[in-house]
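Since this is a predicted model, take the numbers as computed values, not measurements. Atom set for the values below is all heavy atoms of this structure, side chains included, hydrogens, waters and symmetry mates excluded.
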Amino acid sequence: MRRRYSAGRLRGSFALCLLSLSSVLCLPAAAQVAPDTTDVAEQDVLEPLAEEEPAGDPEVLADLLADLRESPLDVNQATAEDLAQIPSLGLRLADAIVRYREANGLFGSLPELQLVEAITPEVYAAARPYLTIGETLATTARTPSRFPPVPTARTVFGELRTTLTQRLQRRLDLAEGFRGPDSARAYPGGPERVYTRINARYRRNVSFNVTLEKDPGERFAFEGESPGYDFASAHLGIARMGRIDALIVGDFTAEFGQGLTLWRPGGFGKGPEATRGPLRAGRGLRPYGSTDENRFFRGAGATLALTPDLYASVFASRRRLDATLDSTLFEPDDPDLPAGFVVTGLGETGLHRTASERARKDALGETLVGGAFEVRRLRQTWALTAGIVGYRARFDEAFVPGTRPDEFFDFEGQTASMAGAYADLRVRGVRVFSEAARAPGGAVGALSGVAADVGPAADVLVLARHYPRDFVTLHGYPFGERNGVGQNETGLYLGARVRPTRQWSVAAYLDQYRFPWLRFGVPRPSRGHEALGFVEFRPRRWLRLYAQGRHERREEGTDVPGEIPGTLVGGLVETVRQSLRLHGEYEASRRVRLRARVEGVRFVEVGSEEPDRLGVLLYQDVRYSALRWLRLDARLTLFDTEGFDARVYQFENDLTGVFAVPVLSGRGVRAYALLTAEPVEGLTLQAKLAATRFRNVRRVSSGNDEIEGDTVRDLGLQLRYTF
């Protein structure tokens with residue numbers, strides 16, 4: 001009876017979804033005025049790249065786009081790697097822009113970008129907010145130079161733009177950890193997340209930044225041993241000035257090659273951007289100003305142009321990491337093990353609320369030095385980037401692998417050295433790239449691929465990767481099924497995108513992978529594959545429809561009968577997760593944009609007696625620009641899933657710099673409203689209120705995060721002022 005009732009419930013939800021979607025599809029027939037411009041926000045660009053399960057710190061990616069909007073790239077000076085940061089471009093189109101610029105001279109205006117092959121009006125509209133054309137600089141050099149110009153100090157300070165960001169977010173419904181008297185509460189701090197950032201920039205050449213954050217539950221007071229904000233980050237950076245390609249004092253990241261050796265704490269993976277998402281385009285040393293509290297460097301680094309084509313980088317870092325230390329895992333008289341503590345794990349959440357979490361804060365010191373040599377050659381018909389990069393790190397305490405079988409090949413010891421070599425050759429419409437690296441334990445991992453234009457309206461990507469079970473990349477973030485992990489995985493990715501006409505676009509990928517060793521909860525080597533198909537129809541700039549289907553089949557851990565009757569042993573079960581999405585967007589006017597979506601999910605354990613688990617999501621979204629300086633984004637979502645395995649995701653508009661992809665399971669409704677106001681030039685005020693109400697539940701979550709009742713409400717406020 002439960003299955004019959006649930007299936008009927010789901011069919012009713014699907015009917016509501018189709019009705020909502022049809023309302024969007026029918027609107028164009030009644031429209032009288034269509035917009036001729038598109039207001040593209042950061043969330044609109046991020047959505048197709050990261051709507052599933054982004055790994056790492058997704059807010060790093062949101063911060064990147066927010067910074068690009070505030071300090072756009074000069075299309076006449078930016079390198080291909082710089083332009084590739086814009087998701088709508090990627091490295092292939094960025095290369096085309098640079099080649100066109102070299103062959104035809106500087107762009108006179110931004111709309112001229114559409115003269116570049118494959119820069120369609122839609123691509124241009126998506127990239128436009130992150131591009132500019134700078135004026136001629138007042139420089140110290142009187143003769144032409146093959147290196148970027150050096151602005152005068154007067155120019156830098158005269159055109160310095162400073163942005164102050166103040167953000168407050170909190171859950172309005174108190175969790176169990178915040179209840180009771182101060183002496184008995186699990187969390188000593190309040191439920192607010194407080195974020196403050198001061199950033200001063202001169203174009204893309206000079207950057208000064210201070211970022212401060214306090215997470216919910218962490219104490220926020222400037223007294224005694226309390227530091228006020230729990231996390232602080234700062235840097236002073238110079239870029240593209242004469243022979244100085246980069247000079248950073250403070251916090252920074254390192255991005256080289258395809259991210260196998262060194263990369264920032266986040267990256268895109270698989271999605272409808274089938275030929276762009278998996279690719280990396282390293283930019284070397286870059287300032288860091290986000291809120292991931294562990295995956296960055298603190299010290300100083302510099303990249304110098306030895307010649308216009310040869311660059312050398314050196315960097316050094318000394319910082320403390322969140323870690324779990326244990327003194328009970330060895331005998332004191334064992335000569336093969338160090339005295340003192342050993343490291344059993346690194347922190348990832350950055351939360352310091354409870355006593356155990358505070359004990360992990362800054363528990364481990366790391367000293368790291370590294371360097372790189374890179375060749376960058378750009379010609380009218382080809383471009384080459386190739387280099388070597390490496391580092392040596394020493395930790396204050398030694399790492400000891402865990403006792404689970406899947407932890408046998410984790411990093412062990414007190415010092416770690418890693419080196420890699422990479423190359424990226426672009427010849428007109430073909431890009432060949434590769435990176436190989438030697439991990440601290442001696443294992444060698446690699447990934448290689450080819451991206452190519454197949455005719456004027458199609459491109460393909462082939463990417464192979466091999467990360468042995470003992471290959472550990474402590475500071476890398478390579479592409480993979482477990483995006484950013486880079487261990488115990490071998491796979492082959494095939495992606496393609498075709499534009500048969502200007503209105504139609506078709507994309508697809510197939511990723512086959514296997515895990516040669518055990519994973520957490522999976523007691524045997526396993527394998528799987530994933531495929532996606534995406535069809536988009538855009539008959540006008542103000543009307544967009546697409547359908548997306550995803551299929552993933554993989555082996556997971558389970559208990560199976562052993563040889564001895566009545567016993568169970570670890571085994572594998574094949575699971576299938578399928579989803580189908582229909583999505584429509586319609587810009588009725590310059591003021592109103594409508595979106596509707598219906599998505600269904602099916603989860604199956606092959607060969608199991610467990611019934612299929614189904615899920616469905618429906619949302620109706622509206623953006624209303626009441627005035628030029630006032631905008632409202634609102635959405636109503638209905639969801640109905642049979643358990644967490646049939647969960648659904650939706651990317652949400654949020655405060656600038658915030659990345660939101662809530663996971664929805666169970667049965668309920670979610671709604672949010674985001675108000676954005678720019679009453680005067682340089683000032684942006686935002687407020688978001690979101691609420692999720694679940695059916696047939698008395699409490700949400702568990703433990704210290706448990707909330708009494710069936711409703712969870714969240715509030716976010718933000719002020720950004722640029723002067």
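- Between the Asp251 side chain and the Arg298 main chain, no donor and acceptor come within less than 3.5 Å of each other.
- A salt bridge is absent between Glu587 and Arg544: the closest approach of a Lys/Arg side-chain nitrogen to an acidic carboxylate oxygen does not fall below 4.0 angstrom.
- Within a 6.0 Å sphere centred on CZ of Arg540, other residues, nucleotides and ligands contribute 12 heavy atoms or fewer.
- With hydrogens and angles disregarded, a donor-acceptor distance shorter than 3.5 Å links the side chain of Asp322 to the backbone of Asp362.
- Between the Gln548 side chain and the Leu532 main chain, no donor and acceptor come within less than 3.5 Å of each other.
- For the pair Arg613 and Glu642, the tightest heavy-atom approach, listed with the atom from each and the gap, is CG-O, 3.1 Å.
- The ring-ring contact (aromatic ring centres under 6.0 Å, His included) contacts involving residues 680-710 comprise Phe639-Phe694, where partners must be two or more places apart or lie in separate chains.
- Checking side-chain atoms of Glu357 against main-chain N and O of Arg353 turns up a donor-acceptor pair under 3.5 Å.
- Taken to the nearest 0.5 Å, the CG atom of Leu614 stands 12.0 Å off from the CZ atom of Phe603.
- Using a 4.0 Å cut-off between a side-chain N of Lys or Arg and a carboxylate O of Asp or Glu, Arg286 and Glu255 do not qualify as a salt bridge.
- Side chains of Arg358 and His352: a donor-acceptor N/O pair is absent below 3.5 angstrom, by distance only.
- To the nearest 0.5 Å, atom CG of residue Leu168 and atom CG of residue Leu715 are 7.0 Å apart.
- A 4.5 Å side-chain heavy-atom check between Tyr187 and Thr354 finds at least one atom pair inside the cut-off.
- Ring centroids of Tyr546 and Phe537 are separated by 6.0 Å or more, keeping the two rings apart.
- Of the listed residues (Thr722, Thr163, Asn209, Thr162), just one forms a side chain to side chain donor-acceptor pair (under 3.5 Å) with Asn199, and that residue is Asn209.
- Between atom CG of residue Leu545 and atom NE2 of residue His583 there is a gap of 9.0 Å, rounded to the nearest 0.5 Å.
- In this structure the side chain of Arg204 reaches within 4.5 angstrom of the side chain of Leu73, judged on heavy atoms.
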For this session: Could you please spell out the steps behind the side chain to side chain contact (heavy atoms under 4.5 Å, CB included) verdict for Phe208 and His235?
Result: CA-CA 6 Å; Phe208 170 77; His235 74 252; 6.0 Å; no

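- A donor and an acceptor atom, one from each side chain of Thr692 and Arg670, are located under 3.5 Å apart.
- Ser625 contributes no side-chain N or O that, together with a main-chain N or O of Leu627, makes up a donor-acceptor pair within less than 3.5 Å.
- A salt bridge links Glu481 with Lys270: the closest approach of a Lys/Arg side-chain nitrogen to an acidic carboxylate oxygen falls below 4.0 angstrom.
- Annotation: side chain of Arg623 is in contact with side chain of Arg631 (closest heavy-atom distance under 4.5 Å).
- In this structure, Glu681 and Trp629 have side chains that are not in contact, with every pair of non-hydrogen atoms separated by 4.5 Å or more.
- Under the 4.5 Å side-chain criterion, counting only non-hydrogen atoms from C-beta, Arg593 is not in contact with Tyr586.
- Separation of atoms OH (Tyr202) and CZ (Arg161) is listed at 13.0 Å; rounding is to 0.5 Å.
- A distance of 6.0 Å or more separates the ring centres of Phe296 and Phe252.
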Exercise. Do Tyr509 and Phe534 pass the ring-ring contact (aromatic ring centres under 6.0 Å, His included) test, and can you show the C-alpha distance, the side-chain angles, and the key distance before you say yes or no?
Worked result: CA-CA 9 Å; Tyr509 71 71; Phe534 177 87; over 10 Å; no

For this session: For Arg197 and Val210, run side chain to side chain contact (heavy atoms under 4.5 Å, CB included): C-alpha distance rounded to whole Å, both residues' side-chain angles, the deciding distance at 0.1 Å, then the answer.
Result: CA-CA 6 Å; Arg197 185 179 185 185; Val210 176; over 6 Å; no

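- Checking side-chain atoms of Asp215 against main-chain N and O of Glu218 turns up no donor-acceptor pair under 3.5 Å.
- A side chain to side chain donor-acceptor pair (under 3.5 Å) with Asp621 is found for one member of Arg595, Arg635, Gln650 and no other, namely Arg635.
- No donor-acceptor pair closer than 3.5 Å links the side chain of Lys361 to the backbone N or O of Leu351.
- Side-chain atoms of Thr132 do not come within 3.5 Å of backbone N or O of Pro72 as any donor-acceptor pair.
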For this session: Quick one: do Tyr477 and Arg264 satisfy side chain to side chain contact (heavy atoms under 4.5 Å, CB included)? Show the steps, please.
Result: CA-CA 7 Å; Tyr477 200 94; Arg264 63 176 180 262; over 6 Å; no

For this session: Could you walk me through whether Asp654 and Lys688 pass the salt bridge (charged side-chain N to carboxylate O under 4.0 Å, His left out) test, one step at a time?
Result: CA-CA 7 Å; Asp654 214 309; Lys688 179 180 179 180; 3.0 Å; yes

Problem set entry | Worked check of side chain to side chain donor-acceptor pair (under 3.5 Å) between Thr676 and Gln686 | CA-CA 5 Å; Thr676 301; Gln686 291 182 296; 3.2 Å; yes

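- Aromatic ring centroids of Tyr229 and Phe231 lie 6.0 Å or more apart.
- Enclosure of atom CZ in Arg170 by more than 12 non-hydrogen atoms of other residues, nucleotides or ligands within 6.0 angstrom is indicated.
- Taking both residues in full, the closest heavy atoms of Ala274 and Pro278 are given as O-CD, 4.0 Å, listed atom of the first, atom of the second, then distance.
- The shortest non-hydrogen separation linking Asp230 to Gly350 is OD2-O, 4.2 Å.
- Taken to the nearest 0.5 Å, the OH atom of Tyr288 stands 14.0 Å off from the OG atom of Ser207.
- Side-chain contact between Val648 and Val616 is absent, with no heavy-atom pair separated by less than 4.5 Å.
- If you take CG on Leu617 and OG1 on Thr641, they are separated by 10.0 Å, rounding to the nearest 0.5 Å.
- Remark: Lys214 fails to qualify as a cation-pi partner of Tyr195 under the 6.0 Å distance and 45° angle criteria applied to the six-membered ring.
- Between Ile707 and Leu174 the shortest heavy-atom distance is CG1-O, 4.1 Å.
- Side-chain contact between Glu293 and Leu321 is absent, with no heavy atoms from C-beta onward closer than 4.5 Å.
- A cation-pi contact links Arg647 to Phe644, judged by a cut-off of 6.0 Å to the six-membered ring centre and 45° from its axis.
- Contact check on Glu552 versus Arg550 returns no salt bridge, with no Lys/Arg side-chain nitrogen under 4.0 Å from an Asp/Glu carboxylate oxygen.
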For this session: Go through the steps for Arg538 and Ser505 under the test side chain to side chain contact (heavy atoms under 4.5 Å, CB included), then give the verdict.
Result: CA-CA 8 Å; Arg538 192 189 289 263; Ser505 177; over 6 Å; no

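- At most 12 non-hydrogen atoms from other residues, nucleotides or ligands lie less than 6.0 angstrom from CD of Glu348.
- Using modelled atom types, one finds a donor on one side chain and an acceptor on the other under 3.5 Å when comparing Thr196 with Gln166.
- Across all non-hydrogen atoms, the minimal contact from Leu664 to Thr637 is CD1-CG2, 4.0 Å.
- Side-chain contact between His551 and Glu530: absent, with no pair of heavy atoms (C-beta onward) separated by less than 4.5 Å.
- Considering every non-hydrogen atom in both Ala691 and Arg713, the closest pair reads CB-CG, 3.8 Å.
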